Novice: 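Dropping a structure here in structure tokens format, bear with me for questions.
Just so it is clear, the model here is predicted, and its values are computed rather than measured. So you know, we letter chains A, B, ... as the sequences are listed, proteins then strands, and number each from 1.
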Amino acid sequence: MRTTRPVYRSASEAVLLLGLLLGAATAHAERKNPLEGQTAIRHKVEMRKMRFEIAPQLMMSINQDFKHFVGGGLVLQFHVADWLGIGVQFAGGGSVNSGITGKLIGDGEVTDPKNGGALGVQQVGVQPSRQQFLDHLASIQALFSAYAAVTPFAGKMALFGALFLKYDLYGMMGVGGLYLANSFDQGKNGGASHARECSDKATATDPNSCDPVNSGLKFGGMFGVGLHLYFNNWVGLNLELRDMLASSNPGGLDVNGDRKVTGDDESIQNNFFFSLGLTLMLPPTAKISP
Amino acid sequence: MRRAAYGLLVWLATIPVMGGQLAMAQDKEAQPPGEAAAPPAEEPAAEPPASEPPKEGDGKTPVEEVQPGQGQSAWSDIFVVPRRPVLKRKRVEFMPTYNVTINNSVIRHHGFGAMLNIYLSEAFFIGLEGTYYVEQLTERYFLLGVDQRVLPSVNHYLWSAFLDFGYVPIHGKFTFFNTSIVHWEVYAGLGVGLFQSNVIPRDPANTGFTSYLIGGNVTLGTRMWLASWFAIDAYLKDYLFADQLEPTSRTLNETSEQAKNRAESQFTNNIVFGLGISMFVPGFDYKQLR
């Protein structure tokens, strides 16, 4: 009988061990994280959901080669959901010379040949005069777009650990256009007969005296990103970066080397604009999520 | 007697299996010390909520159901505050970077480099950065020659090295479509260092010359944490220095040394947009008060 006792004892120990393991495993399996599958933020102030946004903006271009756009505009946007909005935007203004333009024309009067600029017409018939150069430049007078805005990122931040702000980051995609103008005067450049010569590929002409063909509406796509910094539940600061993709010839001269200035000299350009605005969300009261 | 002991142990082992819960040792230790009378038994805790996301107007979360002062002891008044997700003090950041010029129409530099920062506190850091540049002449550089018949003075930056001082004033977090929470921060910095630039001669028959330029930089960047040791960075950096340009009146027979002696100095803002990945070593641990 003594030979059976160790077997019985080891069986008891096995049952004991199995019981402990099973008990631990069962308890572990039933201990679920109560936050599993829950939304990241409860009782979130929905700053955008079913609200209308009005944002007057100051806007400037940041990558124009010859003429920078400076102006103001307005954004109207309706936020269908906290993450989705549809909007329209318009801005109008004038232009200022870029650094390259300043180097080319110099600091003095354009008609003064000794004003220090690089365009001294050393190659007559080939190099544009300062006035011809300026007359061919396209300047942006206005831009507009209609787009959808998606806001995937929304949160809060601490400035110096003291000032707490709600904010969101959004992307925009849509269609839009630029309204371009130039100061070219056909009357001072040979009139209508010269214009016909300019458009005739068989006739040799000086492209510096031909219409730059770079004014008017240029339609294209609009892509952008933006940031809202909210001071309270309905007033905030708005920063945006927009890229208006449109076909144009900013210099207004012969680009493809055929000695003619036509639509063939245009190419797709990225036109970046930065804007700073004041956002007003209406109604002033925001919804609270569950 | 021994059989009875084994039997008792087996029963004890099976209790957790039947009960489905393992009692935690801390439950007893959580009793406030020195309390004279034991509090009356409380109702068992409610079942954790299902993992289904809440609907509009749903009840409160388990955390929200806890009301201060309702418990039988002062321990129930303790609220949980999330810890700072990442500590940086006394850690070293290694950041490989890529940056590109954003404010030059005629030449674009692609910079490949790295930064090494040491965090003196959670906010202040001191670091070294080095960048090697690859130049890319833009279409406008070509068109200025074709259309305006001028060749701009352009320098190619070879490398730069800077000593940087930085500060992290802004911390934030956001949700991605209200699903997960991501932490980020904004840093600003000032630096002092050295550039080496190389003149691209307008006439290929001439040779260029190099110059060492002392400069400064101003940085504004943001970092998004993906792990406690890993983050992705985006930054804007303005390098400021007095560049030495090829003289516009350089003749064919003028040696590079002669041209360098009468180089034209021009204050330059070289603004770059950069991306990087931050890797922090060593790891960190929170200090717990006992």
Novice: Please tell me if the side chains of A:N63 and B:I102 come closer than 4.5 Å, counting only heavy atoms from C-beta onward.
Specialist: no
Novice: Which one wins on heavy-atom pair count under 4.5 Å against chain B: A:G155, A:P207, A:S98, A:G251?
Specialist: A:G155
Novice: Could you tell me which non-hydrogen atom of A:P128 sits nearest to which non-hydrogen atom of B:D147, and how far apart they are?
Specialist: CD-O, 3.1 Å
Novice: So, taking the atom named CE in A:M157 and the one named NE2 in B:H171, what distance separates them when rounded to the nearest 0.5 Å?
Specialist: 11.5 Å
Novice: Please determine whether the number of non-hydrogen atoms from other residues, nucleotides or ligands lying under 6.0 Å from atom CD of B:E139 exceeds 12.
Specialist: no
Novice: Is chain B contacted by the side chain of A:Y167, its backbone, both, or neither, given a heavy-atom distance below 4.5 Å?
Specialist: side chain
Novice: Would you sort out whether B:W184 and A:F153 count as a side chain to side chain contact (heavy atoms under 4.5 Å, CB included), showing the intermediate values?
Specialist: CA-CA 12 Å; B:W184 62 277; A:F153 306 107; over 6 Å; no
Novice: Are A:F66 and B:R140 packed together at the side-chain level, in the sense that at least one heavy-atom pair is separated by less than 4.5 angstrom?
Specialist: yes
Novice: Do A:L104 and B:L144 come close enough that some side-chain heavy atom pair is under 4.5 Å?
Specialist: yes
Novice: For the CG atom of A:D168 and the OG1 atom of B:T175, what is their distance to the nearest 0.5 Å?
Specialist: 10.0 Å
Novice: Near B:R262 CZ, under 6.0 Å, is it more than 12 heavy atoms from other residues, nucleotides or ligands?
Specialist: yes
Novice: Flag the pair A:Q127 / B:V150 as yes when at least one side-chain heavy-atom distance between them is below 4.5 Å, and no otherwise.
Specialist: yes
Novice: Rounded to the nearest 0.5 Å, how far apart are OG1 of B:T248 and NZ of A:K103?
Specialist: 9.0 Å
Novice: Is B:V106 close to chain A through its backbone or its side chain, or both, or neither, when contacts mean heavy atoms under 4.5 Å?
Specialist: side chain
Novice: Less than 4.5 Å to any heavy atom of chain B: does that hold for the side chain of A:K44, its backbone, both, or neither?
Specialist: side chain
Novice: Could you grab the distance from atom OH of B:Y167 to atom CZ of A:F160, nearest 0.5 Å is fine?
Specialist: 5.5 Å
Novice: Counting heavy-atom pairs under 4.5 Å with chain B, which one of A:G257, A:G252, A:A158, A:P250 comes out on top?
Specialist: A:A158
Novice: When you look at CZ of B:F142, are more than 12 heavy atoms from neighbouring residues, nucleotides or ligands closer to it than 6.0 Å?
Specialist: no
Novice: Quick one: CG on B:L143 to OG on A:S267, what's the gap to the nearest 0.5 Å?
Specialist: 8.0 Å
Novice: Taking atom CG of B:N104 and atom CD1 of A:I100, what is their separation to the nearest 0.5 Å?
Specialist: 7.5 Å
Novice: Would you say B:V146 and A:D254 make side-chain contact, with heavy atoms under 4.5 Å?
Specialist: no
